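See below for the structure under consideration.
Numbers restart at 1 for each chain; the letters A, B, ... are given by sequence-line order, proteins then strands. Because the structure is a prediction, the values reported are computed rather than measured.
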Amino acid sequence: MQILSLLQERFSHALDGWVENPEQYKQQVVEARDARHGDYQANLAMSLKNVLSKNPREIAQELVERVELDDICLQPEIAGPGFINLRLKDEFLAEQVAKLAVDPRLTVSEATDSKTFVIDYSSPNVAKPMHVGHIRTTVIGDALARILRFLGHDVIADNHLGDWGTQFGMIIYGYRNFRDDAAFEQQPVAELSRIYRTVQAIVGYQAALPKLPEAEVKLAEAQETLAVVEASPDEDAKQQKKKLKAAKRSVRSVEDSISGLNSKIQAVASAPELLKLAEGHPEIEKRSQLETAKMHAGDAANLELWEKFVPISMEEIDSAYRRLGVEFDYTYGESFYHPMLSGVVERLKDSGLAREDKGAICVFLDEFETPMIIQKSDGAFLYSTTDLATIEYRMEHFKPDAILYVVDHRQGEHFEKLFVAARKMGYRDVELQHVSFGTVLGEDGTPFKTRSGTVMGLDLLLDEAVQAAHAVVCDEERLEKGGLAELSKEETLRIAETVGIGAIKYADLSHNRTSDYKFNIKEMVQLAGETGAYLQYMYARTCSIIARSETNLSMETVGGFEIYLAEQAERDLVLKLLQFEDVLLNTVEEYYPSVLTAYIYSLAKQFALFFDQCPVLKAETRELKESRLALCFATQQVLKQGLELLGIGVVPRM
RNA sequence: GCGUCCGUGGCGCAACUGGAUAGCGCAUCGGUCUUCGGAACCGAGGGUUGCAGGUUCGAAUCCUGCCGGGCGUGCCA
């Protein structure tokens, strides 16, 4: 049910033959922010003031006379400078919610202009452990895929794996030199990730070691500069402030980098075995890069190892996806596009878009100072090259109307360049969108790490959330009070899993995707406030009351229950339910899942209010009881569907 | 330096893309009900939306300039 566009159309019609392009004004019909102004409000009279050279209140008056709303609304009211306040008729609400309750699609229509979306999300690096940074892209991308599909679009979920990068050189080198055969035999995934971490630690150590003295010199310089600025202030107070701040900032930044270097050095220096390896394998980074280059060049031995490692690492990645309930249609990694790269570069050179500069092949774009480099001076290709090849491939094979890249905001400039270049290559009729998102931060406001400073593996993170959920939700006293004492251990574990994973997802999705957010498991699994658990609980409550009613309520039977809107809380709940489709459309307008989370939360709140104020099983009359049960049922369906579109599961009891 | 995003009650975030008295959740304080599973409901305090101008009927939102911060910035992804 699209209430908003229904109202907008009516107003647009009312303007036909009165103003030019009536369509452009209809978006000024919006949901009322304040309930005292009705359910919806039309704000167009004010902006038509100059167009019609008339007093806005007069315009509003005339609009009200022209607009055809009798079947939907009560008599519109004009307020303030020319606001038109609209209030839906109760009969209309009751009629529509009755339709919603018996419809598996909850009266959400399938798009008439169905489009094909390619959504590029998750994209972990094979052979590197997944961590908290992969949650956002995976969860946001998955939610968008689910919502767009539900709205009737064709969605191609493509996991653009990093399976061809420098990390392979590192594990190839590490595998040859550091592997523990018995461990690899028994637990290849764990052993591979141990090998990767070992090489990475040594790389970090060896790179940091020579940089430390330089950094200390820099620190001394920066401190001296600061001292000079402090000692001999600029006469201009403003200049002085600026200089002081710049000097302090540079001290701080050098200090930061020194502490970074120190921690990398410490990580190896404090572990004798590692230190020994580091000394026995000088220049390990260079050696690893060499292995990568050999692999790219087609070296049989290295490719054989690549073939061996990829499935092992995918096992781990897939298990994380299973747990998160995320699926892809395609998993074309970088390696898939590798054979196409030289062709891309050749075509760009031939068409004059790319040329050589300082040994590298570059695409210069007017909009940017720095070029997009597509081939390094040593002949290697870059991620720009792969991304261009990927666009070519997708355009040819999927013919999408839109390609969405769910990637963090730091790559913003890369995508801007990529899109400009793609346009120049002739791909003009496709929406290219960088659905960017902010960083996941730890308690201290810096990118999320464990106490020891390393990034925490995703599986451990999920375990922690599930444990926290179990502690809160499956507390014995609580279960006792809720009449759930007989739940088996298996059931409580399953509930904790659903709640824990849902908590992480909800916390992520409910934050505006463009901003950073602090990752705090304890807050996420809270039962009070705006959390996934609260929503799941409200769903369970709808289940509980319906079960108690012993009415065998279902989509087939609920149609027989007539709806009465006796109380304000009922009416508000119904209006909320009917706004589901408008919210979904709004959610994909700019690809903000938080629009949907905010709606589901407000629906749950509204249900809680209704539940508090309107007795259901103890309703005064049988008709009222049935009506309210039908509202519980409709709420249950919308909550379930809404959460499902976010990738969040529900349980009937918790 | 340049580019880009951001600054909203103590904290974490909204505000339907320019609408009416800026909302919500934590936290704090008070109240309701002998519960349809208190994870409930109602109420209170707390804000000059970083600052200063401008645009107009109207600005948290648009423009300009400051102040403060994140991120990016030619051969990593």
May I ask you to say what [X] touches in the nucleic acid, namely base, sugar-phosphate or nothing, with a heavy-atom cut-off under 4.0 Å?
{"X": "A:F611", "value": "base"}
{"X": "A:T514", "value": "nothing"}
{"X": "A:L617", "value": "base"}
{"X": "A:D516", "value": "sugar-phosphate"}
{"X": "A:E31", "value": "base"}
{"X": "A:V30", "value": "sugar-phosphate"}
{"X": "A:A598", "value": "nothing"}

> Roughly how far apart, to the nearest Å, are B:G3 and B:C41 at atom P?
Replying inline: 49 Å

Considering only side-chain heavy atoms of [X], which listed nucleotide, [options], is closest?
{"X": "A:A79", "options": "B:G70, B:C13, B:A20", "result": "B:A20"}
{"X": "A:Y601", "options": "B:C24, B:G19, B:G74", "result": "B:C24"}
{"X": "A:Q41", "options": "B:G37, B:G19, B:A40", "result": "B:G19"}
{"X": "A:E334", "options": "B:C76, B:C42, B:A77", "result": "B:A77"}
{"X": "A:N512", "options": "B:G19, B:C13, B:G37", "result": "B:C13"}
{"X": "A:S515", "options": "B:G19, B:A14, B:C75", "result": "B:A14"}
{"X": "A:R36", "options": "B:C75, B:U73, B:U21", "result": "B:U21"}
{"X": "A:Y537", "options": "B:G70, B:G72, B:G37", "result": "B:G37"}
{"X": "A:L484", "options": "B:G25, B:G37, B:G74", "result": "B:G37"}

>> Going by the rule salt bridge (charged side-chain N to carboxylate O under 4.0 Å, His left out), which residues pair with A:D387 if we only count those two or more places apart in sequence or in a different chain?
In response: none

> Looking at B:G12, does its base get a donor-acceptor pair with the side chain of A:N520 below 3.5 Å?
Replying inline: no

> Is any side-chain N or O of A:D34 under 3.5 Å from a base N or O of B:A15, one able to act as donor and the other as acceptor?
Replying inline: no

>> What is the separation between atom CD on A:Q411 and atom C1' on B:G3, rounded to the nearest whole Å?
In response: 16 Å

>> Syn if the chi torsion is within 90° of 0, anti otherwise; quick check, which is B:U55?
In response: anti

Output one line per pair: protein atom, nucleotide atom from nucleotides 55-62 of chain B, and distance, for all N/O pairs under 3.5 Å.
from  : atom 1 : to    : atom 2 : distance (Å)
B:C57 : OP1    : A:K49 : NZ     : 2.5

> How is the base pairing of RNA chain B summarised as a dot-bracket string, given the Watson-Crick and G-U wobble criteria with both distances under 3.5 Å, [ ] for crossing and | for another strand?
Replying inline: (((((((..((((.....[...)))).(((((.......))))).....(((((..]....))))))))))))....

>> Please determine whether a side-chain nitrogen of the Lys or Arg among A:E626 and A:R622 lies less than 4.0 Å from a carboxylate oxygen of the Asp or Glu.
In response: yes

